[in-house]
**Q** 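Dropping a structure here in structure tokens format, bear with me for questions.
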Amino acid sequence: MAKDGIRAIEGTRDYFGVDGIRFEKAFGAAAEIFSRYGYEKITSPVFEATGLFARSIGEATDIVEKEMYTFTPGSDSITLRPEGTAGVIRALLQHSMHKQGGLVKLWYGGPMFRRERPQKGRQRQFHQVGIEAVGSGDPLLDAEVIRMGLAYYERLGIGGVRLRLNSIGCAKDECRPAYRKLLKDAIAPKLGEFCKTCQGRFEKNILRILDCKNESCKKLAADLPKSHEKLCGECDQHFTAVKEGLDAHGAQYDVDPTLVRGLDYYTRTVFEYTHSALGAQDAIGGGGRYDGLVEELGGPATQAVGFALGVERIMIAMEALGCCACETPLQVYGIGLGEDCHKAMAGMIARLRNAGISADMDYEGKSFKAQMRAANRRGALVALILGDNELEKGEITVKDMREGGGQETVPLNAGVEAVLQMLP
RNA sequence: GCGGGAGUAGCUCAGCUGGCUAGAGCGUCAGAUUGUGGCUCUGAAGGUCGGGGGUUCGAGCCCCCUCUCUCGCCCCA
């Protein structure tokens with residue numbers, strides 16, 4: 001029902017009920033798994049100087065060209081972050097974390113903003129959890145990062161995640177630039193046979209021709225040289241070591257020569273997690289190595305690797321797979337009859353909460369029956385009943401709400417104890 | 001930015017070629033049961049039929065405009 005009035009902005013959503021639980025689970029699992037691998041949480045601002053994103057993501061990418069929310073209050077130009085890495089690396093440099101010795105492992109989570117047309121699994125405000133491991137080029141670190149992503153999905157009960165892997169080489173002349181030239185030479189004579197967008201990509205970003213979804217382009221691309229077969233010696237060794245690092249732990253993956261990620265800063269390893277439950281936007285996470293970014297942002301030459309996982313897409317997979325999203329049931333519901341009992345019950349409930357028990361009561365002046373129904377609907381394990389006949393004697397009735405459960409009447413000051421005994 | 005689909009009760013939806021006070025299931029509230037929930041039965045509340053305009057004796061239904069949601073293209077999480 002589209003009532004007149006203020007609605008959430010197009011491409012944004014409210015998370016409550018089971019969605020709220022799934023949303024929190026996605027973040028909770030991140031905290032649990034990532035910290036187990038030695039990552040520390042960092043929370044950076046959701047907006048940054050526009051130039052930060054332009055420099056890191058790449059001027060010619062769709063994100064920077066047309067998807068950023070940019071504001072110019074006063075003489076500043078600020079942008080709502082379209083991804084997490086740039087801000088984290090900025091923070092790392094600003095606080096000289098890279099100078100404190102050794103590898104820096106950070107994780108983050110929160111909203112990202114891109115002004116795209118919303119569709120399934122794509123919103124204008126969406127959420128990611130991600131990690132950055134800065135200060136090492138060890139291929140075993142790539143493998144660890146990739147496996148950590150798999151561990152994360154597993155923790156949430158998401159089975160059937162597919163891992164796609166590729167290497168796009170490094171910036172050295174004999175590596176990616178040479179491969180680009182190879183591609184150009186191979187494509188140039190047949191350029192007319194490719195789709196219009198690919199013809200545009202030929203000059204702008206030739207690697208993207210590889211993952212065009214147009215069927216005829218796919219066929220043409222199949223005969224093109226593969227990036228992972230044209231790597232320089234060091235990149236080739238690195239890629240082999242990453243694969244060995246995955247094999248050693250039995251992680252399944254598919255080397256996919258068409259995997260080319262859209263952000264300019266990636267080097268060598270790139271990977272994507274996909275899931276069939278999602279629809280057209282089937283990537284539930286992705287990442288790679290970015291050995292040039294720290295330097296690009298004004299730091300020393302530093303190797304790094306990271307990933308970002310899409311919370312909304314994770315939630316779609318959780319829903320499709322029926323991953324448990326049960327609310328923790330209320331432990332106690334208090335039923336008070338009449339004004340005096342209502343007051344006394346408020347005190348009783350307060351004592352229970354102080355004792356660490358989740359408890360709630362009626363505040364709508366409902367009938368006894370209605371309060372019983374409320375206790376049932378809320379899933380309360382125990383109901384407390386306080387009417388005038390109990391109150392006169394200074395007692396309270398404690399009822400086990402389970403099928404066929406009994407009840408007992410105890411002195412008021414023994415109520416908390418009686419509840420504790422009845423709870424499983 | 002460009003296409004396709006859809007907007008009827010809190011939710012999921014039905015509503016035939018236009019025809020009385022617009023329906024169902026679930027949920028909510030109440031009663032059956034004065035202080036005992038779930039199951040059952042009975043009843044009630046709840047709708048500017050997304051909005052605006054048009055055609056018509058008459059529009060939820062037909063036409064136009066508009067808004068929103070949704071799926072897809074592009075790109076990505």
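Quick note on labels: first sequence line is chain A, next is B, and so on, each numbered from 1. Keep in mind that what you see is a predicted model, and the values were worked out from it rather than measured.
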**Q** Closest approach to the side chain of Arg115(A), judged atom by atom: which nucleotide of C69(B), G1(B), A77(B) is it?
**A**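 Between C69(B), G1(B), A77(B), the one nearest the side chain of Arg115(A) would be G1(B).
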**Q** Base, sugar-phosphate alone, or nothing: which one does Ile385(A) contact when heavy atoms must sit under 4.0 Å apart?
**A**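 Counting heavy atoms under 4.0 Å across all strands, the contact made by Ile385(A) includes a base.
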**Q** What I want to check is whether an N or O donor and acceptor connect the side chain of Arg122(A) with the base of A77(B) at under 3.5 Å.
**A**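 Flag unset: no donor-acceptor pair detected.
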**Q** Which part of the nucleic acid, if any, lies within reach of Glu83(A) when heavy atoms closer than 4.0 Å are counted: base, sugar-phosphate only, or nothing?
**A**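 No contact.
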**Q** C73(B), OP1 or OP2 - any side-chain N/O from Gln281(A) closer than 4.0 Å?
**A**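 Affirmative; the distance criterion is met.
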**Q** Of the candidate nucleotides A30(B), U36(B), G3(B), which contains the atom at the shortest distance from the side chain of Ser367(A)?
**A**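 Looking only at side-chain atoms, Ser367(A) lies closest to A30(B).
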**Q** Check the distance between G1(B)'s P and Arg114(A)'s CZ and give it to me in whole angstrom.
**A**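 Rounded to the whole Å, the gap is 18 Å.
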**Q** Using the P atom on both, measure A9(B) against U48(B) and round to a whole Å.
**A**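 Per the computed distance, 9 Å lies between those P atoms.
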**Q** When rounded to the nearest Å, what value does the distance between P atoms of A6(B) and C63(B) take?
**A**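 Nearest-Å result for A6(B) against C63(B) at atom P: 12 Å.
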**Q** Can you tell me how far C1' of U33(B) sits from NZ of Lys369(A), to the nearest Å?
**A**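 After rounding, the reported distance stands at 5 Å.
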**Q** Starting at NZ of Lys181(A), measure out to CD1 of Ile206(A) and round the result to the nearest 0.5 Å.
**A**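 Separation between the atoms: 11.0 Å.
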**Q** I'd like to know if Asn376(A) reaches the base of G37(B) with its side chain, counting only an N/O donor and acceptor under 3.5 Å.
**A**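 When only heavy-atom distances are counted, Asn376(A) does reach the base of G37(B) through a donor-acceptor pair under 3.5 Å.
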**Q** Taking G3(B) as the reference, what is the distance to A59(B) when you measure between their C1' atoms (whole Å, please)?
**A**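 Taking atom C1' in both A59(B) and G3(B), they lie 30 Å apart.
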**Q** Which nucleotide in the list C71(B), A30(B), U36(B) gets nearest to the side chain of Lys120(A)?
**A**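 Of the candidates, C71(B) comes closest.
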**Q** Taking N and O atoms by type only, does the side chain of Gln371(A) place a donor or acceptor under 3.5 Å from a partner on the base of U36(B)?
**A**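 There is none.
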**Q** Phe34(A) and ring pair (Phe, Tyr, Trp, His ring centres under 6.0 Å): which single residue from Tyr108(A), Tyr152(A), Phe27(A) fits?
**A**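 Going through Tyr108(A), Tyr152(A), Phe27(A) one by one, the ring pair (Phe, Tyr, Trp, His ring centres under 6.0 Å) with Phe34(A) is satisfied by Tyr152(A) alone.
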**Q** OP1 or OP2 of U70(B) sitting under 4.0 Å from any side-chain N/O of Gln119(A)?
**A**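 It does not, given that no N or O in the side chain of Gln119(A) lies less than 4.0 Å from OP1 or OP2 of U70(B).
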**Q** Roughly how many Å apart are G72(B) and U56(B), using the C1' atom of each and rounding to a whole number?
**A**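 The same atom, C1', in both gives a distance of 39 Å.
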**Q** Considering every strand shown, what is the Watson-Crick or G-U wobble mate of U68(B) when both distances are under 3.5 Å?
**A**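 With both distances under 3.5 Å, U68(B) matches A6(B).
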**Q** Tell me which nucleotide among U28(B), C74(B), C76(B) gets nearest to the side chain of Arg377(A).
**A**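 Nearest to the side chain of Arg377(A) among the choices is U28(B).
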**Q** State which of G31(B), G72(B), A77(B) makes the closest approach to the side chain of Phe126(A).
**A**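 When the side chain of Phe126(A) is considered, A77(B) is the closest of G31(B), G72(B), A77(B).
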**Q** Is the OH atom of Tyr363(A) crowded by more than 12 outside heavy atoms at less than 6.0 Å?
**A**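 Yes, the 6.0 Å shell around OH holds more than 12 heavy atoms from other groups.
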**Q** If you count the non-hydrogen atoms of other residues, nucleotides and ligands that lie under 6.0 Å from NZ in Lys41(A), is the total more than 12?
**A**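 Enclosed.
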**Q** Which part of the nucleic acid, if any, lies within contact of Gln123(A), taking any heavy atom under 4.0 Å across all strands shown: a base, the sugar-phosphate backbone alone, or nothing?
**A**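 Base, at least one base atom sits under 4.0 Å.
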**Q** Just to verify, which of Arg90(A), Arg81(A), Arg55(A) counts as forming a salt bridge (charged side-chain N to carboxylate O under 4.0 Å, His left out) with Glu48(A)?
**A**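 Result: among Arg90(A), Arg81(A), Arg55(A), Arg90(A) is the only option passing the salt bridge (charged side-chain N to carboxylate O under 4.0 Å, His left out) with Glu48(A).
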**Q** Can you tell me, in whole Å, how much space there is between the C1' of G51(B) and that of G25(B)?
**A**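 Going atom to atom, C1' in each nucleotide, I get 29 Å.
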**Q** Would you mind classifying the nucleic acid contact of Gly285(A) as base, sugar-phosphate or nothing, using non-hydrogen atoms under 4.0 angstrom?
**A**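 The residue Gly285(A) makes sugar-phosphate contact but no base contact.
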**Q** Nearest nucleotide by nearest heavy atom, which residue falls closer to the 5' end of RNA chain B, Glu272(A) or Ile9(A)?
**A**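 Comparing both residues, the 5'-ward one is Ile9(A).
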**Q** Over all strands shown, is Glu390(A) touching base, sugar-phosphate only, or nothing at heavy-atom distances under 4.0 angstrom?
**A**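 If one applies the 4.0 Å heavy-atom cut-off, Glu390(A) turns out to touch a base.
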**Q** For Tyr273(A) and C76(B), what is the distance between atoms OH and C1' respectively, to the nearest whole Å?
**A**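 Atom OH in Tyr273(A) sits about 16 Å away from atom C1' in C76(B).
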**Q** Side chain of Thr397(A): nearest nucleotide among U36(B), C2(B), C74(B)?
**A**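 Per side-chain heavy atoms of Thr397(A), the pick is U36(B).
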**Q** Calculate the interatomic distance between Tyr266(A) atom OH and C76(B) atom C1'; express it in whole Å.
**A**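 My rounded result for the distance is 10 Å.
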**Q** Please measure how far the P atom in C62(B) lies from the corresponding atom in C49(B), and state the result in whole Å.
**A**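 These two P atoms come out 16 Å apart once rounded.
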**Q** Calculate the interatomic distance between Asp282(A) atom CG and C76(B) atom C1'; express it in whole Å.
**A**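 Rounded to the whole Å, the gap is 11 Å.
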**Q** Under 4.0 Å, counting only non-hydrogen atoms across every strand here, what does Asp388(A) touch: a base, just sugar-phosphate, or nothing?
**A**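 Counting heavy atoms under 4.0 Å across all strands, the contact made by Asp388(A) includes a base.
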**Q** For Arg155(A), look at atom CZ and say whether over 12 heavy atoms of other residues, nucleotides or ligands are found less than 6.0 Å away.
**A**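 Not more than 12 within 6.0 Å, no.
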**Q** How long is the line joining CG of Asp19(A) and C1' of C11(B), in whole Å?
**A**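 These atoms are roughly 14 Å apart.
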**Q** Whole angstroms only, please: what is the CE-P distance between Met372(A) and G38(B)?
**A**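 Taking atom P of G38(B) as the reference, CE of Met372(A) is at 9 Å.
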**Q** Scan Gly121(A) against the nucleic acid and name what it touches under 4.0 Å (heavy atoms): base, sugar-phosphate only, or nothing.
**A**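 It contacts base atoms.
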**Q** Rounding to an integer number of angstrom, what distance separates U28(B) and G46(B) when you compare their C1' atoms?
**A**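 Between the two C1' atoms, the distance is 9 Å.
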**Q** Hey, is CD on Glu40(A) packed in by over 12 heavy atoms from elsewhere, all under 6.0 Å?
**A**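 At most 12 heavy atoms, drawn from other residues, nucleotides or ligands, come within 6.0 Å of this atom.
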**Q** Can you tell me the distance, in whole Å, between the NZ atom of Lys399(A) and the C1' atom of G38(B)?
**A**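 Whole-Å distance recorded here is 10 Å.
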**Q** Determine the Euclidean distance between corresponding C1' atoms of A77(B) and G4(B); express it in Å to zero decimal places.
**A**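 Between the two C1' atoms, the distance is 25 Å.
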**Q** On a plain distance test, is the side chain of Arg373(A) in donor-acceptor contact with the base of C29(B) below 3.5 Å?
**A**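 Such a pair does not exist between side chain and base.
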**Q** Once you apply a heavy-atom cut-off of 4.0 Å, does Ala370(A) come out as touching a base, just sugar-phosphate, or nothing?
**A**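 Ala370(A): backbone/sugar contact only, no base atoms under 4.0 Å.
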**Q** Does the structure show a Watson-Crick or G-U wobble partner for C16(B), both distances under 3.5 Å? Name it, or say none.
**A**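 Per the H-bond distance test, none.
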**Q** Side chain of Phe368(A): nearest nucleotide among G3(B), G37(B), U36(B)?
**A**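 From the listed options, U36(B) comes nearest.
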**Q** Salt-bridged, Arg13(A) to Asp19(A), with N to O below 4.0 Å?
**A**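 Yes, this pair counts.
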**Q** Between Arg208(A) and C76(B), is there a contact of a side-chain N or O with OP1 or OP2 at under 4.0 Å?
**A**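 Yes, such a contact exists.
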**Q** By the 4.0 Å heavy-atom rule, please label Ala283(A) as base, sugar-phosphate, or nothing.
**A**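 Ala283(A): backbone/sugar contact only, no base atoms under 4.0 Å.
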**Q** Can you tell me the Watson-Crick or wobble partner of C73(B), both distances under 3.5 angstrom?
**A**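 C73(B) is paired with G1(B).
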**Q** In plain terms, say whether Arg353(A) and Asp360(A) are close enough for a salt bridge, that is, a side-chain N and a carboxylate O under 4.0 Å apart.
**A**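 Counted as a salt bridge, because a side-chain N and a carboxylate O are separated by less than 4.0 Å.
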**Q** So which nucleotide from U36(B), G72(B), A77(B) ends up closest to the side chain of Gln128(A)?
**A**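 That would be A77(B).
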**Q** Which comes earlier along RNA chain B counting from the 5' end, the contact point of Gly287(A) or that of Lys66(A), where each point is its nearest nucleotide?
**A**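 Whichever sits nearer the 5' end wins; that is Lys66(A).
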